[in-house]
Amino acid sequence: MTDLSLPPQYNPAAIEAELYRFWLERGCFAPDADQAWSGGALAPPRPYVIMMPPPNVTAVLHMGHGLNITVQDVLARFERMRGRPTLWLPGTDHAGIATQNVVEKLVAKEGKTRFDLGREEFVRRVWSYVDETGDAILEQLKALGASADWSRTYFTLDDGLSRAVREVFVRLHEKGLIYRGKYIINWCPRCLTALSNEEAEKSEVDGKIWRLRYPLASGQGFITVATTRPETMLGDMAVVVHPEDKRFHPLLGQSVRLPLVDREIPILADEAIDPEFGTGAVKVTPAHDPLDFEIGQRHGLTPLDIMTPDAHLNDTVPARFRGLDRFEARRRVVQEFEALGLLDGVDGHRHAVGHCYRCDTVIEPRLSDQWFVKMKPLAAPALAAYRTGKLRFIPERRGDEYASWMENIRDWCISRQLWWGHRIPVWYCDGCGTTTVSRDDVARCSCGAVPRQDEDVLDTWFSSWLVPFSSLGWPERTEDLARYYPGSVLVTAPEILFFWVARMVMAGIEFMGEVPFDTVYLHGTVRDTQHRKMSKSLGNGIDPLEVIEKYGADALRYTVIASMAVGTDVILDPKDLETSFAPGRNFANKLWNAGRFILTNLGDRRTRPLAGPYANVVRREELGLADRWIIDRCDQMVRDATDSYTKFRLNEAASTIYHFVWSDLADWYIEQAKPRLYDTGSGGEIARAVVGRTFEVALQMLHPIMPFITETLWKRLPGRAPDASIMRSAWPGAARLAVDASAEREFTLVQELVGAVRQIRAEYGVEPGKSVNVRASQAHAAFRAEEGTIMRLAKIGSLTYGAPLAEPGANAVLADGTTLYIALGDLVDVKKECERLGADLNRISQLIESQQKKLGNEQFVGRAPAAVVEGERAKLAQFEQQAAALREKRGQLGC
RNA sequence: GGGCGAAUAGCUCAGCUGGUUAGAGCGCCUGCCUUACACGCAGGAUGUCGGGGGUUCGAAUCCCUCUUCGCCCACCA
């Protein structure tokens, strides 16, 4: 009976690559292909557009991509099947710092630095690296089954996107929203570049706070300051206290003799100081601390920069400190203070310190000339879009984070002292001193001299924030732009909410006049069993390609989707891939085998339609109880799962379909239908029609989550054209056939009876091969209708109806009070049977008691909705019926 | 320091607008290679739904509080 061309174990490796190629060749991923609507008179539905968060060109596939790409693909495939022209637009990000770091490491292997190579040569090296490896990550995404439109793939350094970057820079500059200035910025001494506030990740560290005595210039005593960074004292320009702090009033206007450097600096008053903290007196280093910088500005202090770009002390400090690393300098300064008797003390101090988000080096606040974007004017409409509901977040609470970021937004430092990226489109003329901000390269200044371009490049995110329109051709007015902007949903991890998502909203509104998407779906993070984020450094990562190779992309996708409720993380065990991905793998195999069985039994016979205006449509009268039941279940599944998909409750969609396939279709319907399927009679024809269609529906519903296996099986259904694809099949609706509650109710009785007999067989250890005789107190129509099924599934020799026999035997009571008597001969033990029934009775009695209490409560009866009260009454009646039957049985047995 | 979230079976988690005999997967125990599937089938065990208060006829679900873990933000040096 089994088709030997299908192996009993699903082998994903054998089909995935080929299938992916088939989809590509058929153009299944393009939004503008021959969709069903295109021939009709109706206007095409609004396109569904997702911008893929562009992976870094240097990226290697990890589970974070696995999750992110899977979610997007599920949504894209779902909407595509529902008939919307769907564009899922992929690209890669040049990833300024990250990529430069990678290539610098390669260069270092040759014993060189980027400075040895020079800018031009280094950038050439990066390009050749990118050309060589840039597609690797995209190829890896394909292994996951991603149905992105690769024909539109962009790279953030492409000519078009570069034009968009310049256009934006110039426009913002013209509007006065881009400016250059000397401010304290976050500096990474390892990457040797400025960073934005978002790129400086604050993390708590156990530090120390030292109390240093600064001798008064008068020679009469000290003022003691508290600092977490003693080394910066070499650049101190003042000591500041709160103006109302009486302790220091006598000292105001005096000055101190700064130890080690022997400079005299004033003692000043400023509101910014908290008298409660530390000693109440603060040393002020305007060049190395943002607050100090502000205080310095208020008091006209001249900042003294004491560090080199790589955070070593420079020539402004006494010779013995020059060239020291900042941490070494810290030790030396403390040492000297101690030797001089000027160290008042030291305490442990836990505080937040900024770290470079690329290399984790401690950030050095640094005073330097940088370019900034004035953000407040851009943030206001972006915040309004959220407040007015034009933009929503899933989960909702993420919206608050977005809002508070927008409300407290600070200017964005966009210049980077890197070589890899979009060079700042500004030219300086040394001849006449003119600064030119231009869309095009400036070869010659108006004064005739040759200007030099700004050395810096732009923050990577300065190109990413434009992607929703720059990737569609902006600033050109392209057809794509008109058609696919604004997009629909953005799917990403919460980590880049501010880096990317929030900024895209601002850019979208500023340059396109509309939010770039109406929904932001922020999914969780993949973590290990200790809830640690998976990372290369911890070595707790899972290689998705390894999982795909072993268990298939579908197994990975299903597992990830099924374990990801909205707003929660995905926990996987890197040490036990088999167990981690068992749900997906097992389910894929189950589907495979159900399919194998069904396809074998369908052969090449086309099944009759269950619904529709066809002459050979299956009529309701032709259906048996089980048929009506599974069709009803199938309809429910379609309704529930479709609803879940639209609400981004993908895990619910997954589990709804899973349980339909496994519990309803495989465990019950297929088992029920086997005799009919083996036959060639008319009953078989109906069973084939029902199983064929419900299985097809399940495949379609599941396709967004498990694309490969569903397509493979779907294509093998009878009558498929060779180039047909499940991707182009219409999303299922209800069969609108035989939908009636009675089928559900009646078939449940059948399931209950079978379950009760199986349970007793197991408890009494009846040999699997041995059949038993059963007598049911009531001959329900459902029992008669499914008698064969019942006898087969419960291994019953004879099923009769009537009053239970009085002699000892095993007994069960169904929920409606129907009693079952199972003749087991010697196996029956009256004592054990009494105990069993007693335990049952006990359980039911407790339920009855609680129901009676509830219904006896006048408050409940009076206040609860009538339907609820009615339901509780019905439950009580049912329990009482069961209890009565159990008591009677016990009486008969003489318990 | 400010804001937010979570705590449910051995593990990972569902349980969405208060009414369930509190569920799933994995793991565990028992019996089965029953001709789709041992990545399987059948049966089974395990929860004072973190502690304490409250609202309500009724709370895993709403409120308060405590404890413990997370996340986001933050210029107390």
Side-chain angles (χ1 to χ4, degrees), chain A residues 1-3 6 8-10 184 202 209 225-229 232 240 272-274 276-279 281-285 289-295 349 351-352 365 395 397-398 400-401 404-405 408 494 497-498 525 529 531 551 555 559 562-573 576 578-580 582-583 585-601 647 649 651-652 655 658-659 666-667 670-671 674 755 758-763 765-769 793 795 843-844 846-847 850 854 857-865 867-869 871-872 875 879:
Chain A
M1 246 5 240
T2 305
D3 181 349
L6 297 172
Q9 272 200 4
Y10 175 53
I184 290 259
K202 289 295 179 74
I209 185 158
V225 299
T227 180
T228 55
R229 302 197 53 199
T232 60
V240 181
I273 306 307
D274 176 4
E276 306 286 317
F277 189 83
T279 61
V282 180
K283 58 185 272 314
V284 176
T285 322
D289 182 276
L291 179 64
D292 290 9
F293 177 73
E294 281 175 29
I295 293 174
H349 184 60
H351 60 149
R397 62 191 161 83
R398 292 287 177 182
D400 294 336
E401 281 174 30
S404 84
W405 186 80
N408 301 303
L497 179 57
F498 307 136
T525 307
T529 48
H531 292 205
Y551 312 116
T559 302
S563 59
M564 189 192 60
V566 170
T568 66
D569 291 333
V570 174
I571 311 293
L572 295 169
D573 186 355
D576 190 356
E578 175 151 7
T579 301
S580 289
R585 181 198 58 169
N586 294 354
F587 186 40
N589 197 240
K590 186 70 182 181
L591 261 182
W592 181 254
N593 277 289
R596 205 160 68 105
F597 177 81
I598 290 166
L599 293 173
T600 303
N601 285 288
K647 290 180 173 150
R649 298 173 164 273
N651 60 321
E652 281 180 7
S655 98
Y658 179 99
H659 286 108
D667 287 349
I670 290 180
E671 290 306 326
K674 270 179 180 171
R758 279 174 173 171
Q759 188 180 341
I760 283 171
R761 292 181 60 110
E763 278 180 27
V766 178
E767 280 174 42
L793 298 187
K795 194 84 181 158
R843 188 175 54 86
I844 301 281
Q846 278 174 12
L847 292 173
S850 97
K854 198 181 272 188
N857 183 340
E858 284 176 27
Q859 302 275 18
F860 171 71
V861 179
R863 298 197 194 188
V868 172
V869 177
E872 297 300 322
K875 263 192 240 167
F879 294 153

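Convention: sequence-line order gives letters A, B, ...; per-chain numbering from 1. Since we're looking at a predicted model, the values are computed, not measured.
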- Message: What is the distance, to the nearest angstrom, from the CG atom on A:Asp400 to the P atom on B:G2?
- Response: 18 Å
- Note on the structure: The answer to which of A:Tyr658 and A:Ala864 contacts RNA chain B further toward the 5' end, by nearest nucleotide, is A:Ala864
- Query: Has the side chain of A:Arg398 got a donor or acceptor that lies under 3.5 Å from a partner of the other kind on the base of B:C72?
  - Reply: no
- Message: Under 3.5 Å, is there any donor-acceptor pair linking the side chain of A:Gln9 to the base of B:A38?
- Response: no
If only side-chain N and O atoms of [X] are considered, is one of them under 4.0 Å from the OP1 or OP2 phosphate oxygen of [N]?
| X | N | answer |
| --- | --- | --- |
| A:Thr568 | B:A14 | yes |
| A:Asn408 | B:G2 | no |
| A:His351 | B:C75 | no |
| A:Asn651 | B:C13 | no |
| A:Lys674 | B:U35 | no |
| A:Lys202 | B:C75 | yes |
| A:Lys875 | B:G19 | no |
| A:Lys647 | B:C16 | no |

- Query: Are the side chains of A:Tyr551 and A:Glu578 in touch, meaning some heavy atoms are under 4.5 Å apart?
  - Reply: yes
- Message: A side-chain contact here means heavy atoms from C-beta on lying under 4.5 Å apart; do A:Ile273 and A:Ile295 qualify?
- Response: yes
Span that lies between the [atom1] atom of [M] and that of [N], in whole angstrom:
| N | M | atom1 | answer |
| --- | --- | --- | --- |
| B:U8 | B:G51 | C1' | 15 Å |
| B:C13 | B:G50 | P | 15 Å |
| B:G5 | B:A22 | P | 29 Å |

Counting only side-chain heavy atoms from C-beta out, which of [options] sits nearest to [X]?
| X | options | answer |
| --- | --- | --- |
| A:Glu872 | B:G44, B:G15, B:G19 | B:G19 |
| A:Lys590 | B:A36, B:G19, B:U21 | B:A36 |
| A:Arg843 | B:A24, B:U21, B:C39 | B:U21 |
| A:Ile571 | B:C13, B:A36, B:C72 | B:C13 |
| A:Ala226 | B:C41, B:A77, B:G43 | B:A77 |
| A:Gln759 | B:G43, B:A36, B:G15 | B:G43 |
| A:Ile670 | B:C39, B:A77, B:A36 | B:A36 |
| A:Phe879 | B:G19, B:U21, B:C41 | B:U21 |
| A:Lys854 | B:U20, B:G40, B:C4 | B:U20 |

- Message: What contact category does A:Ala562 fall into here, base, sugar-phosphate, or nothing, at under 4.0 angstrom with non-hydrogen atoms?
- Response: nothing
- So what does A:Thr228 hit on the nucleic acid, given a heavy-atom distance under 4.0 Å: a base, only sugar-phosphate, or nothing? sugar-phosphate
- Query: Under the 6.0 Å and 45° cation-pi test, does A:Lys674 pair with A:Phe597?
  - Reply: yes
